[in-house]
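So the structure is just underneath, and the comments pick up after that.
Values in this document were obtained by computation on a predicted structure and should not be read as measured data.
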Amino acid sequence: MTDRTYRIVFLLLGGLAILVVVLGYLYGSSDTGGEPLPEAIEGISPLPGSQVPLQTPIEVDLPVGYRADIYVDGFRVPESEVVFVRGTGVHSWVPLRSTTLLWMPGSHTVTVSWRKLSGLPEVGEYSWEFRVF
């Protein structure tokens, strides 16, 4: 192949890359999945409205100094089954390890209520739904 052929191929590939970036920007969604999380919650998993496999854990990330209670379909997950990492504020529950609550395919509602352990009192609650398949 000649130098001219290489230049044409590289120009076409460059134009295609620019087109992909522009189309991704134009048609990409800036929606983050619905309503914003309360200020005290730094992150949750699974996300609201998502579909997850049976073994997916529930995780709630709160600031350091907060504690949370997790409710699945209206039933409180026992504290002995919730893994809490004090240094990061992450609370998690793995449904397959539970002997208290059964984790079945279908729609599930998770409610987390939190409280601040020191300083000015702060309490709150947040609920979301997702599906297990």
Side-chain angles (χ1 to χ4, degrees):
M1 292 195 339
T2 64
D3 287 343
R4 183 176 181 182
T5 307
Y6 281 116
R7 286 185 188 143
I8 292 172
V9 169
F10 284 126
L11 282 173
L12 289 174
L13 289 175
L16 182 62
I18 291 171
L19 180 65
V20 167
V21 170
V22 168
L23 288 176
Y25 178 76
L26 291 176
Y27 293 105
S29 174
S30 62
D31 186 16
T32 59
E35 64 184 57
L37 294 174
E39 199 171 302
I41 296 181
E42 295 177 347
I44 57 173
S45 176
L47 294 174
S50 62
Q51 292 189 5
V52 298
L54 193 62
Q55 66 272 19
T56 301
I58 293 175
E59 291 186 351
V60 179
D61 187 3
L62 296 171
V64 174
Y66 284 74
R67 282 305 304 253
D69 294 320
I70 299 173
Y71 298 84
V72 177
D73 298 330
F75 295 99
R76 183 171 185 256
V77 176
E79 267 189 56
S80 61
E81 296 179 14
V82 175
V83 177
F84 172 59
V85 181
R86 187 178 304 270
T88 60
V90 174
H91 298 73
S92 61
W93 174 65
V94 180
L96 294 179
R97 294 186 191 155
S98 174
T99 57
T100 307
L101 298 172
L102 293 177
W103 197 245
M104 303 298 282
S107 182
H108 293 280
T109 301
V110 176
T111 301
V112 60
S113 63
W114 65 87
R115 62 198 172 281
K116 191 173 180 182
L117 299 177
S118 62
L120 295 174
E122 181 183 335
V123 295
E125 187 175 279
Y126 179 71
S127 294
W128 74 97
E129 287 188 14
F130 61 93
R131 291 190 56 80
V132 172
F133 59 87

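Side-chain atoms of V72 and W93, non-hydrogen and from C-beta on, do get closer than 4.5 Å to each other. Contact annotation: the side chain of V64 never approaches that of T88 to less than 4.5 Å [non-hydrogen atoms, C-beta and beyond]. For the pair W114 and P63, the minimum side-chain heavy-atom distance is 4.5 Å or more.
Residue pairs meeting the side chain to side chain donor-acceptor pair (under 3.5 Å) criterion with at least one member in residues 47-63, sequence neighbours excluded, do not occur. Within the structure, every pair that satisfies the salt bridge (Lys or Arg N to Asp or Glu O under 4.0 Å) test and touches residues 103-119, not counting sequence neighbours, is listed here: D69-R115.
The side chain to side chain donor-acceptor pair (under 3.5 Å) search around S92 returns none, not counting sequence neighbours. For E42, the side chain to side chain donor-acceptor pair (under 3.5 Å) criterion is met by no residue, not counting sequence neighbours. Considering only residues two or more places apart in sequence or on other chains, Y66 meets the side chain to side chain donor-acceptor pair (under 3.5 Å) condition with E122. Applying the side chain to side chain contact (heavy atoms under 4.5 Å, CB included) test to V82 and every residue at least two apart in sequence or in another chain returns I70, V77, H91. A search for side chain to side chain contact (heavy atoms under 4.5 Å, CB included) contacts involving S107 returns E129, R131, not counting sequence neighbours. Applying the side chain to side chain contact (heavy atoms under 4.5 Å, CB included) rule to V22 yields the partners I18, L26; only residues at least two apart in sequence or on another chain are considered. Taking the ring-ring contact (aromatic ring centres under 6.0 Å, His included) definition, one finds that F75 meets it with nothing, sequence neighbours left out. Qualifying salt bridge (charged side-chain N to carboxylate O under 4.0 Å, His left out) partners for D73, counting only residues two or more places apart in sequence or in other chains: none. With sequence neighbours excluded, the residues forming a side chain to side chain contact (heavy atoms under 4.5 Å, CB included) with T111 are Y71, T109, E125, S127, listed by chain and number.
Between W128 and V112, the closest heavy-atom pair is CZ3-CG1, 4.0 Å. The two residues R67 and L117 make their nearest non-hydrogen contact at CG-CD1, 3.4 Å. When all heavy atoms of P57 and P46 are compared, the closest pair comes out as O-CD, 3.8 Å. What you find for V132 and M104 is that their closest heavy atoms are CB-O, 3.9 Å.
There is a path of hydrophobic side-chain contacts, each under 4.5 Å, that joins V52 to L54. Linking Ile, Leu, Val, Met, Phe, Trp and Tyr whenever their side-chain heavy atoms come within less than 4.5 Å leaves V90 and I44 in two separate clusters.
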Validation: residues 1-11 side-chain donor-acceptor distances under 3.5 Å, sequence neighbours left out:
{"from": "T2", "atom 1": "OG1", "to": "T5", "atom 2": "N", "distance (Å)": "3.4"}
{"from": "T2", "atom 1": "OG1", "to": "T5", "atom 2": "OG1", "distance (Å)": "3.1"}

